[in-house]
There are 2 protein chains.
Amino acid sequence: MEKTDAVAALAALAQDNRLDVFRLLVRAGPTGMPAGAIAETLGLAPNTLTFHFDRLRSAGLVSARRDGRSIIYAARYERMNALLGFLTENCCEGLSCTPARKRTGVPA
Amino acid sequence: MEKTDAVAALAALAQDNRLDVFRLLVRAGPTGMPAGAIAETLGLAPNTLTFHFDRLRSAGLVSARRDGRSIIYAARYERMNALLGFLTENCCEGLSCTPARKRTGVPA
DNA sequence: TAATTATTTCGATACTCGTTGAAATATGGA
DNA sequence: TCCATATTTCAACGAGTATCGAAATAATTA
């Protein structure tokens, strides 16, 4: 991942509502969630949400596909991991950065 | 780490010059670097740099101490790792998030 | 004390951001 | 076709951001 992409991804996540949206999508799994359900869950206006989706999408953090009248948004895990990779790559270059990254999940 | 802190840290890193500053400090090691040297290395005006230091510092990502006339800034690795922890914690909750986090560094 | 060096503070400016309300577009059903 | 549902587009607004130049502050040296 390039520095430009990292800045874009960081900026996309650096906002309350967007971080909520992304976390919700991450928990929703690969299937994703329709925009309306996200709006209702988080109590956000649909047009506001569109604005945030655009940010997340152009940062490559979420994908969108149409299903009937709904548009389903889903987290792009690879991108998230690329960001983490970039950050750790530039963090722990032979230094005592004490990773201590706890892994509670089930790696694929 | 709280969500508020995560947003603050992400916002602090989500800017070209600040990301440069932080990466430089991370590579400089625990000893840190004087503000002037950072300014020269990155080609930034000292007052602009002060602005960015403030952001990084109030996000808890760097520390500052005085040494003579210079002020030495240093990366706070724990904070960086807390952020990574927060992101992975909220990322891989039993999902196929394919971590693939390569570890090139030397963990403490 | 006066001059020098290192960094910060202040005021101003152009720009971007997040939100809102109203209107537009797309899809599916009667 | 007409209507309802789902989402996006558009224009506008207040608030915050990144940068600059000039002046102020802190620490060292002559």
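Heavy-atom basis, side chains included; hydrogens, waters and symmetry copies ignored. Every chain is numbered from 1, with letters handed out A, B, ... down the list of sequences. Here the structure is a predicted model, which is why all the values come from computation and not from measurement.
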As an exercise, state the distance from OH of A:Tyr73 to CG of A:Leu25, rounded to the nearest 0.5 Å.
10.0 Å
I'd like the 5' and 3' limits of the part of DNA chain C contacted by chain A, with heavy-atom contacts below 4.0 Å.
C:dC17 to C:dG28
Interatomic distance, CZ@A:Arg79 vs CG@A:Asp5, rounded to 0.5 Å, equals 4.5 Å
State, to 0.1 Å, how close B:Ala9 and B:Leu83 come at their nearest heavy-atom pair, and which atoms those are.
CB-CD2, 4.0 Å
Would you confirm whether B:Tyr77, through its side chain, and B:Val26, through its main-chain N or O, come within 3.5 Å as a donor-acceptor pair?
yes
I need the B:Asn17 CG to B:Leu24 CG distance, nearest 0.5 Å.
12.0 Å
5'-most contact on DNA chain C (nearest-nucleotide basis), A:Ala11 vs B:Ala35, goes to B:Ala35
Please state how far atom CZ in A:Arg65 lies from atom P in D:dT8, giving the value in whole angstrom units.
14 Å
Do any N or O atoms of the protein come closer than 3.5 Å to N or O atoms of nucleotides 25-27 of chain D, and which pairs are they?
none

Need the bend value for the helix from C:dT1-D:dA30 to C:dA30-D:dT1: angle between end axes, 5 pairs each end, nearest 10°.
10°
Which heavy atom of A:Arg76 sits nearest to which heavy atom of A:Ser63, and what is that distance?
CG-N, 3.7 Å
Could you work out, with side chain to side chain contact (heavy atoms under 4.5 Å, CB included) as the rule, every residue matching A:Asp67, not counting sequence neighbours?
A:Ile72
Ignoring hydrogens and angles, tell me if any N or O in the side chain of A:Arg27 forms a donor-acceptor pair with the backbone of A:Gly29 under 3.5 Å.
no
Using every non-hydrogen atom in the two residues, find where A:Gln15 and B:Val7 come nearest and quote the distance to one decimal.
N-CG1, 4.1 Å
Phosphate oxygens OP1/OP2 of D:dT8: is one of them under 4.0 Å from a side-chain N or O of A:Tyr73?
yes
Per-pair distances, 0.1 Å, donor-acceptor, side chain in residues 38-61 of chain A, under 3.5 Å, sequence neighbours excluded:
{"from": "A:Thr41", "atom 1": "OG1", "to": "A:Ala37", "atom 2": "O", "distance (Å)": "2.7"}
{"from": "A:Thr50", "atom 1": "OG1", "to": "A:Pro46", "atom 2": "O", "distance (Å)": "3.1"}
{"from": "A:His52", "atom 1": "ND1", "to": "A:Arg18", "atom 2": "NH1", "distance (Å)": "3.1"}
{"from": "A:Ser58", "atom 1": "OG", "to": "A:Asp54", "atom 2": "O", "distance (Å)": "2.9"}
{"from": "A:Ser58", "atom 1": "OG", "to": "A:Arg55", "atom 2": "O", "distance (Å)": "3.4"}

Of all of residues 38-55 of chain B, which get a heavy atom below 4.0 angstrom from DNA chain D, listed by number?
B:Asn47, B:Thr48, B:Phe51, B:His52, B:Arg55
Closest heavy-atom pair, B:Leu19 versus A:Lys3, reported as atoms and distance to 0.1 Å, is CD2-CG, 3.9 Å
Of all heavy-atom pairs between B:Gly32 and B:Ala74, which one has the smallest distance, and what is that distance?
CA-CB, 3.8 Å
